[in-house]
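Comments concern the structure below.
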Amino acid sequence: MSRIIILGAAQMGPIAPDESRESCVSRMVDLIKQASSRGCSFIVFPELALTTFFPRYYEEDITKMDDWYEKEMPNKATRPLFEAAADAKIGFYLGYAELTPEGRRFNTAILVDQNGKIVGKYRKVHLPGHSEYDPKRPFQHLEKRYFEPGDLGFGVWRQQGSIMGMAICNDRRWPETYRVMSLKGAEIIVLGYNTPDLNTSGKEQNHLRMFHNHLTMQSNAYMNGCWVIGTAKAGIEDGCMLIGGSCIIQPSGEIATQAATLDDELITFAADIDICNMPKDTIFNFAKHRRIEHYSVITEQTGVELPKGLN
Ligand code: ING
C-alpha cells in the first residue's frame, strides 16, 4: 500500500514592513483552510513568514531590530495558526526570526505535527549576504548581521509516515544540505525562501534567479531520491521584488506543480512517498555506490586549497 500524502506549498505574497503579525497569521489561516478543503495533511510556509524580509534594512544597534523576532513560539499572535492547523489536522513548516532568552538570534523554522505540537526545530546554517552596511548595494542583505549560523545541524523527523528534513532558503544552494539529511533517511525535504529578484552581490542576468531557484532544488531532489518542497515569500516588499516559483518536486527531479502568481497561493500534490524507494535502492543507493575514502576535503576544508604542485 503506497504512502500517499497530500502535500502543500503555502506561498505568501509580500508582507509590508508595517503589516501586523495578526494580519500575516490570518492570511496563513486562510491558506490552512484552503489546504483542508484540498485534503492536505502537511503544508510548507515561507522563510520569515511573519514579517517583511527585515535583513534588507541596516540598523547600527541590532537590539533596535528586536521587534522583528519572536521571543517564544507559539505566542499570542501565532496561536490562532497552531489552533486552525490542529483543528484541520494539518501539520506545517513555519519560518520565523528567533530571539532566544539568552539573546541569541537565528533564522529559524519549526515542524509542527497534525495536533499543533512543535516536533522539530531547524536554524539556518548557510547565511548569505553580509554583516556591515554595503553602500554599493541598492538594498542590503544583512543576514550575517542579524542571525548567527544555525547550531542544530540538519535534522530529520518522522512526519505522517515519512522521514522529513528542513532547510531554509540559501541552504538550498548547498548540496551538503540535502546529502546530510538524505544520509539520515530523509524522503521529503521542505524549505521556505525569500529570494530577491536582483542579485545585489554581483552582475547576473535576471532570468537566472528563477533558473537557479529550481535547478538547485530539482537537482538535489534527484541526487538524493527525495521529494523537495520550496515555498516563496513573493512579490514586491517595500520596493524589493522577491521571486515566486514555489514548487513541489518529485524524486525524479521533475517539478510536479508550481505556483503561478506572486501572491498568497496554495499549490498541492498527492505525493506517493514510496517512489523515493527506487532511486534510493538503485542509482543512489548510498551504501552500495558512495566512496567516502575520496570525499574528505568536503568536511576538512572550508575554502579552496590548491593541491601541492599547483601553486
Ligand atoms: N535569500 C537568497 C537566497 O539564497 C541570495 C540570498 C540571493 C543568494 C541571490 C544568492 C543570490 O535565495 C536568502 N534569504 O537566503
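Whatever order the structure lists them in is the order used to number ligands and atoms, beginning at 1.
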Would you find more than 12 non-hydrogen atoms of other residues, nucleotides or ligands less than 6.0 Å from [X] atom [atom1]?
| X | atom1 | result |
| --- | --- | --- |
| Lys71 | NZ | yes |
| Met278 | CE | no |
| Trp157 | CH2 | yes |

Tell me the protein heavy atom at minimum distance from [atom], and give that distance in Å.
| atom | result |
| --- | --- |
| atom 1 (N) of ligand 1 | Asn194 O, 3.0 Å |
| atom 8 (C) of ligand 1 | Asn170 ND2, 3.5 Å |
| atom 13 (C) of ligand 1 | Cys169 SG, 2.8 Å |
| atom 14 (N) of ligand 1 | Glu143 OE2, 2.8 Å |
| atom 12 (O) of ligand 1 | Thr195 OG1, 2.7 Å |

When you check the gap from the basic side-chain N to the acidic O, do [X] and [Y] get nearer than 4.0 Å?
| X | Y | result |
| --- | --- | --- |
| Lys124 | Asp171 | no |
| Arg145 | Glu132 | yes |
| Glu237 | Lys233 | yes |

ask   = Is the Trp227 ring parallel, tilted or perpendicular to the Phe269 ring (thresholds 30°, 60°)?
value =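 Tilted.
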message = Does the residue His212 have a heavy-atom contact with ligand 1, meaning some pair of atoms that are separated by less than 4.0 Å?
response =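 His212 does not count as a contact of ligand 1 under the 4.0 Å cut-off.
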message = Within the structure, is a non-hydrogen atom of Glu204 found at a distance of less than 4.0 Å from ligand 1?
response =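 No, Glu204 has no heavy atom closer than 4.0 Å to ligand 1.
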query = If we only count heavy atoms from C-beta on, is the Leu198 to Pro138 side-chain gap below 4.5 Å?
reply =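 Yes, close enough: below the 4.5 Å cut-off.
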ask   = Is ligand 1 under 4.0 Å from a heavy atom in the side chain of His126, in the backbone, in both, or in neither?
value = neither
Could you tell me, atom by atom, which parts of ligand 1 come under 4.0 Å of a heavy atom of [X]?
| X | answer |
| --- | --- |
| Pro128 | 6 (C), 13 (C), 15 (O) |
| Glu47 | 14 (N) |
| Arg172 | 3 (C), 12 (O) |
| Arg173 | 3 (C), 4 (O), 8 (C), 10 (C), 12 (O) |

ask   = For Arg209, is at least one N or O under 3.5 Å away from an N or O on ligand 1?
value =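 No, no N or O pair falls under 3.5 Å.
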request  = Indicate whether the side chain of Asp238 and that of Tyr57 have a donor and an acceptor atom separated by less than 3.5 Å.
outcome  = yes
